[in-house]
Amino acid sequence: MRKTPRFENRYIPFDGRSAGYHAALGTKASNAKEHHAAALIVVNDHGTAEKEDGLMDFSYTSQENSSEMPVIQLRREIVDALLNSGLGTPLLDLEQDIDRDLQPRSALLAGWTASLEINVSRPGIAVKNVVGVLEGLGPLAQETVVIGAHYDHLGYGGFGSLARNRKDKEGAIHHGADDNGSGTTALLELARRLGQRPNREGRRLVFIAFTGEESGLFGSAHYCKEPLFPLADTAAMINLDMVGRLRPDKESHKDKLIVYGTGSATSFDALLESVNKKYDFKFQKEPSGEGPSDQQTFYLKNVPVLFFFTGEHSDYHKPSDTVDKINMAGMARVADLVDDLITYLEAVPERPKFVKVPRKPGSGMRMRGPTLGIMPEYGAEGDGVLVSGVLEGRPAAKAGLKEGDRIVELAGKTVKNLEGYMALMAGHKGGDVFEIGILRDGKRLTLKVALE
Ligand SMILES: [Zn+2]
């Protein structure tokens, strides 16, 4: 059954905050798989089916079910027929019994077998990062400065949309003027300006319009895995994501610009202050390079980063993020500032010195409940969870987990994939201490982690 018992009951909910997690199709599918189910038949709960007993959208089910197990949905009237003849009870009665005492009503459906045949073709969607290169000149020419902005957004909505009503959420163009028309426009403008500079000397400039950011930093992850120019020789990365809503700070009345990564190189803070004399922005500085956009991927590979952002707003991830709300003059000011920074970074003889900033407690991956503080490799082949990054100061780092490790066991249970890992983690709370089994260089190791 979809969702959870008492899903609409605000007074005595099923499991408080984590109800959404238990309700997710992905959780149910990986749990069923964990219990050796051959397939899963899902039916709408009565609340969902109240107006219409509709089928789940494939754009949801295809993303949610990563268990490699067939999952199909039946309408309630068909399930009613199965239950009436098999158990002598209609579906609604079962649901209400469960809602009352929260006890499962698992039973064999006498007289029924199911054989399913499903044909799904999932060819995947080929997407590309778009990269432009301005070669360097002189003694620094082998080093690189990356300037990036993601060009993907949410299309017609669906996954990631924050539109309030369902129609907009699933079928309205999400323009993404600020997120990230603004950043990509600034990127093109910077490439245009720098490309026109005659006899430009210094480091190579690599302009990247990333794809797949909204689905989980896929584009930058791909670039960092297969960089066109070595990351070890990448002196800095500048990211522009949502720079179109520059507005004055309430107290100082100066234009407020959020900058992540100000502590990711020893020189960055002073550099920003000196360049800012001309612009007089009010900076909100986040020393760490960890933050919800593509610079994080570079930062976790020890590249100094700066990420510019003019702030959240009520149109964020909604169809109303439109171009008429963009502060064009403000965007030009941000581009001018970044132009000055690039001009400095391409030529400064000594490259910025990377600093791993100690983590602030309480920030981290957007997952319910306690986390280990790892960046999983999405879409990795093989069993378990491949770790593509370990966040400083968090339980995984403290336990000695390293990039490239594969988590295959958690508290005595086998970890098959990311879904399974998340399901197992959801069963733990802060303060729990348990062992995780990992594979490192082909060897099996056990580490003890303590959740915060
Ligand atoms: Zn964005």
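The figures here come from the full heavy-atom set of this structure, side chains too, leaving out hydrogens, waters and symmetry mates. Ligands are counted one by one from 1 in listed order, and the atoms in each one are counted from 1 as well.
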Looking at the Zn ion (ligand 1), which N/O/S atom of Asp179 is the nearest one? OD1
Below 6.0 angstrom between ring centroids: does that apply to His153 and His317? yes
Salt bridge (Lys or Arg N to Asp or Glu O under 4.0 Å) partner of Asp255, the single match among Lys282, Arg333, Arg247: Arg333
With sequence neighbours excluded, residues passing ring-ring contact (aromatic ring centres under 6.0 Å, His included) with Phe309: Phe307
Quick check on the Zn ion (ligand 1): does His153 put an N/O/S atom closer than 2.8 Å to it? no
To the nearest 10 degrees, calculate the angle at the Zn ion (ligand 1) involving NE2 of His150 and OD2 of Asp241. 90°
Anything under 3.5 Å between a donor and an acceptor, one on a side chain of residues 39-55, the other on a protein residue two or more places apart or in another chain? List them.
from: Asn44; atom 1: OD1; to: Arg2; atom 2: NH1; distance (Å): 3.0
from: Asn44; atom 1: OD1; to: Gln73; atom 2: NE2; distance (Å): 3.2
from: Asn44; atom 1: ND2; to: Asp53; atom 2: OD1; distance (Å): 2.8
from: Asn44; atom 1: ND2; to: Gly54; atom 2: O; distance (Å): 2.7
from: Asp45; atom 1: OD1; to: Thr48; atom 2: OG1; distance (Å): 2.5
from: Asp45; atom 1: OD2; to: Gly47; atom 2: N; distance (Å): 3.4
from: Asp45; atom 1: OD2; to: Thr48; atom 2: N; distance (Å): 3.3
from: Asp45; atom 1: OD2; to: Thr48; atom 2: OG1; distance (Å): 3.2
from: Thr48; atom 1: OG1; to: Lys3; atom 2: NZ; distance (Å): 3.2
from: Asp53; atom 1: OD2; to: Arg76; atom 2: N; distance (Å): 2.6

